[in-house]
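Excluded from the calculations below are hydrogen atoms, water molecules and symmetry mates; all remaining heavy atoms, backbone and side chain alike, are included. Proteins get letters first, then strands, A, B, ... in listed order; numbering begins at 1 in each.
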Amino acid sequence: MSFRAAVFGLVRRIPRGRVATYGQIAALLGRPRAARAVGRALGSAPGDLPWHRVVNARGGVSPRARMSGMLTQRIRLAQEGVALRRGRVVLSAHAWRGRGTLATRGGLACDWR
DNA sequence: TGGATGACTTAAA
DNA sequence: ATTTAAGCCATCC
């Protein structure tokens with residue numbers, strides 16, 4: 001399975017009203033330093049993928065070529081109850097804890113602060 | 001095969 | 001709080 005497919009699979013497990021960071025996704029996939037690649041993968045995500053639930057380490061909507069995407073992301077997040085305070089998601093309140101995400105491989109604790 | 005490309009991240013200034 | 005610089009990486013061409 002390609003890294004990309006794995007990313008999609010994991011993103012689909014993020015519950016409504018919750019968000020994950022690029023780094024978190026990468027870590028959960030066993031590639032703690034592939035955060036950047038995660039973002040790149042989302043660039044070509046299927047239309048039904050809840051890509052809007054992925055934000056950067058600071059809880060903000062990462063800048064991108066087209067502004068429309070950022071707008072959509074903010075709107076979609078708001079629609080499911082994820083509010084942005086000063087332009088950032090309050091991770092302490094909406095961060096996805098991804099428990100049991102990788103029951104198979106051990107020692108993959110998502111390390112975030 | 002090799003280099004370019006970002007929806008990243010962290011450390012430092 | 002902001003900005004810069006430098007790693008890091010799966011894809012794409």
Applying side-chain hydrogen bond (donor to acceptor under 3.5 Å, both in side chains) to Ser44(A) and not counting sequence neighbours gives Arg4(A)

Here the distance between atom C1' of dT11(C) and atom OH of Tyr22(A), to the nearest Å, is 17 Å

Leu29(A) CG to dC8(B) P, in whole Å, measures 16 Å

- Message: What's Phe3(A) touching, base or sugar-phosphate or nothing? Going by heavy atoms closer than 4.0 Å.
- Response: sugar-phosphate

Rounded to whole Å, CZ of Arg88(A) lies from C1' of dT9(B) at a distance of 14 Å

Quick note, salt bridge (Lys or Arg N to Asp or Glu O under 4.0 Å) partners involving residues 65-79 of chain A, not counting sequence neighbours, are none

Within residues 32-71 of chain A, the residues having a heavy atom closer than 4.0 Å to DNA chain C are Arg33(A), Ala34(A), Arg36(A), Ala37(A), Arg40(A)

Ordered by number, residues from residues 73-85 of chain A within less than 4.0 Å of DNA chain B (heavy atoms) are none

Sequence neighbours excluded, the answer for side chain to side chain contact (heavy atoms under 4.5 Å, CB included) partners of Ala5(A) is Met1(A), Ser2(A)

For Ala34(A), the side chain to side chain contact (heavy atoms under 4.5 Å, CB included) test, sequence neighbours excluded, returns Phe3(A), Ala26(A), Arg31(A), Ala37(A)

Those residues at least two apart in sequence (or on a different chain) that pass side chain to side chain contact (heavy atoms under 4.5 Å, CB included) with Pro15(A) are Arg18(A), Trp96(A)

Arg86(A) atom CZ is separated from dA1(C) atom P, nearest whole Å, by 8 Å

Legend entry - Any Arg31(A) side-chain nitrogen or oxygen under 4.0 Å from OP1 or OP2 of dC9(C): no

For residues 36-55 of chain A, the salt bridge (Lys or Arg N to Asp or Glu O under 4.0 Å) pairs (sequence neighbours left out) are Arg12(A)-Asp48(A), Arg53(A)-Glu80(A)

Hey, does Val38(A) have a side-chain heavy atom less than 4.5 Å from the side chain of Val11(A)? no

Those residues at least two apart in sequence (or on a different chain) that pass side chain to side chain contact (heavy atoms under 4.5 Å, CB included) with Arg64(A) are Tyr22(A), Trp51(A), Val61(A), Met70(A), Gln73(A)

